[in-house]
Amino acid sequence: MFTIASASATLPKDLFRAIEDLKKELNAIVLAHYYQEPDIQDIADYIGDSLGLSQKAAATDAEVIVFAGVHFMAETAKILNPDKLVLLPDLDAGCSLADSCPPTEFSKFKAAHPDHIVVSYINCTAEIKAMSDIICTSSNAVKLVNQIPPEQPIIFAPDRNLGRYVAAQTGRDLVLWQGSCIVHETFSEKKMLQLKMEYPNAEIVAHPECEEAILHHAHYIGSTTALLKYVESSEIEQFIVVTEAGIIHQMEKQVPHKLFIPAPPDANCQCNECPHMRLNTLEKLYLAMKNRTPEITLPADIQKKALVPIQRMLTMSA
């Protein structure tokens with residue numbers, strides 16, 4: 001079996017240069033999420049959150065899309081670009097939130113609420129997208145739900161924490177699928193408040209996928225892109241960051257004079273780093289481009305059905 005270890009002897013010494021050469025050779029673009037390791041962020045042509053990455057994938061004229069993120073993100077790029085080669089450095093880079101919403105079970109849940117439309121967070125599988133009416137991200141969920149007529153009942157899936165936050169912001173009575181993200185549910189309220197005592201001048205900034213108790217203490221709540229913009233523009237110089245720790249790399253690059261403290265998880269572990277996101281490495285990214293694999297493929301009927309709610313999101317977000 002061909003593995004990263006067996007290939008290590010043949011890896012170029014300068015992976016950054018080799019990847020840049022492959023970009024030109026393949027007419028490829030590297031898209032990376034903020035939660036990727038710093039080296040991948042630094043080699044990417046575009047770094048963003050799920051909304052920005054979707055918009056970039058929809059607009060690119062590159063022939064090859066190399067998606068440094070997790071499986072559902074690369075699937076979204078493939079749905080938007082069915083005739084292009086979409087590569088994911090590690091096919092095992094999944095998502096605990098997407099896994100928490102099995103298509104068979106969700107189909108039954110949807111059938112139990114026949115008069116509801118389905119608004120699904122983009123952190124879901126292509127099969128769930130194909131069962132949805134509108135896809136949203138943490139950046140635009142409130143905006144999109146506010147555009148739906150107030151008399152229209154809504155199922156919100158799969159993240160219960162984001163759904164609860166959207167319901168509070170919009171005043172809508174959403175029917176929530178009870179899914180969650182292992183990273184955003186691992187933060188300890190007690191440890192976070194202890195950290196706040198150590199840094200009394202720090203503001204707490206949090207992602208809306210966090211639990212309600214965490215969000216209650218946040219000075220600012222927003223998507224990864226919104227958090228980044230907030231810490232850049234704020235006069236505050238210390239922040240406790242309650243989301244996946246990968247975003248701190250960009251925060252430190254944009255405002256190096258400020259202090260960013262990752263919020264502690266409940267357990268004594270590195271659980272504030274997504275284990276799925278961290279499966280991608282610079283070496284795997286290079287090998288994916290060099291070997292033109294692993295490639296994302298989807299059934300044509302799923303691609304066609306899933307494209308409709310994604311396009312609806314992009315139109316409503318304009």
Side-chain angles (χ1 to χ4, degrees), residues 33 35 49-51 53-55 57-58 67 69-82 86 88 91-142 144-145 148 152-167 172 174-185 207-209 223 274 276-277 296-317:
H33 194 273
Y35 296 164
D49 60 9
S50 294
L51 176 60
L53 290 166
S54 297
Q55 292 170 327
F67 215 111
V70 291
H71 204 276
F72 79 80
M73 297 177 177
E75 283 184 343
T76 302
K78 184 64 177 179
I79 292 165
L80 290 165
N81 298 275
V86 178
L88 182 66
L91 281 183
D92 289 331
C95 172
S96 60
L97 177 54
D99 291 343
S100 72
C101 190
T104 301
E105 296 303 312
F106 186 72
S107 179
K108 296 175 184 177
F109 184 77
K110 180 181 176 182
H113 302 86
D115 57 338
H116 290 55
I117 66 168
V118 178
V119 177
S120 290
Y121 187 26
I122 200 168
N123 298 36
C124 63
T125 63
E127 289 84 359
I128 298 299
K129 289 181 175 71
M131 286 188 259
S132 304
D133 297 287
I134 303 170
I135 299 302
C136 72
T137 72
S138 56
S139 295
N140 63 19
V142 170
L144 300 193
V145 169
I148 298 170
Q152 174 61 60
I154 301 170
I155 292 172
F156 189 94
D159 191 276
R160 62 190 175 201
N161 293 316
L162 178 60
R164 191 182 298 114
Y165 173 78
V166 172
R172 300 296 290 265
L174 305 179
V175 175
L176 305 180
W177 176 266
Q178 295 298 309
S180 62
C181 165
I182 57 171
V183 173
H184 288 97
E185 283 211 329
H207 193 281
E209 281 184 53
S223 68
C274 175
H276 304 287
M277 286 280 187
I296 295 294
T297 59
L298 291 167
D301 60 327
I302 293 293
Q303 284 194 189
K304 186 176 180 180
K305 291 177 183 177
L307 179 61
V308 175
I310 295 173
Q311 288 183 324
R312 195 167 284 143
M313 172 189 73
L314 295 174
T315 299
M316 295 171 71
S317 298

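- Between the CD1 atom in I122 and the CG atom in L97 there is a gap of 11.5 Å [rounded to 0.5 Å].
- Between L176 and D159 the shortest side-chain heavy-atom distance does not fall below 4.5 Å.
- Taken to the nearest 0.5 Å, the CG atom of D99 stands 11.0 Å off from the SG atom of C181.
- V166 places none of its side-chain heavy atoms less than 4.5 Å from the side chain of V119.
- Between atom SG of residue C95 and atom CZ of residue F72 there is a gap of 5.0 Å, rounded to the nearest 0.5 Å.
- Counting heavy atoms from C-beta on, the side chains of S138 and Y165 never come closer than 4.5 Å.
- The SG atom of C101 sits 10.5 Å away from atom CD of E127, with the distance rounded to the nearest 0.5 Å.
- Side-chain atoms of K78 never come within 3.5 Å of backbone atoms of L298 as a donor-acceptor pair (strictly under, hydrogens ignored).
- Side-chain atoms of T315 come within 3.5 Å of backbone N or O of Q311 as a donor-acceptor pair.
- Interatomic distance, OG1 of T76 versus CD1 of I135, reported as 8.0 Å (0.5 Å rounding).
- With a 4.5 Å cut-off on side-chain heavy atoms, V145 and I154 count as touching.
- A side-chain donor-acceptor contact under 3.5 Å links D133 to the backbone of V118.
- The shortest side-chain heavy-atom distance between M313 and T137 falls under the 4.5 Å cut-off.
- L88 approaches G69 most closely through the heavy-atom pair CD1-O, 3.6 Å.
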Subject >> Residues F67, L53; criterion side chain to side chain contact (heavy atoms under 4.5 Å, CB included); working and verdict >> reply: CA-CA 9 Å; F67 215 111; L53 290 166; 3.8 Å; yes
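- The two residues A167 and L174 come nearest to each other via the heavy atoms N-CD1, 3.9 Å.
- Scanning both residues, L91 and H71, for their nearest heavy atoms gives O-CD2, 3.6 Å.
- A donor-acceptor contact closer than 3.5 angstrom links the side chains of S132 and S120.
- Below 30°, between 30° and 60°, or above 60°: for F109 and W177 the angle between ring planes is above 60°, a perpendicular geometry.
- One distance of note links CD of E75 with CD1 of I128; it measures 11.0 Å at 0.5 Å rounding.
- Using a 4.5 Å heavy-atom threshold, the side chains of L162 and H184 count as separate.
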Subject >> Steps toward side chain to side chain contact (heavy atoms under 4.5 Å, CB included) verdict (Y121, S50) >> reply: CA-CA 10 Å; Y121 187 26; S50 294; 5.6 Å; no
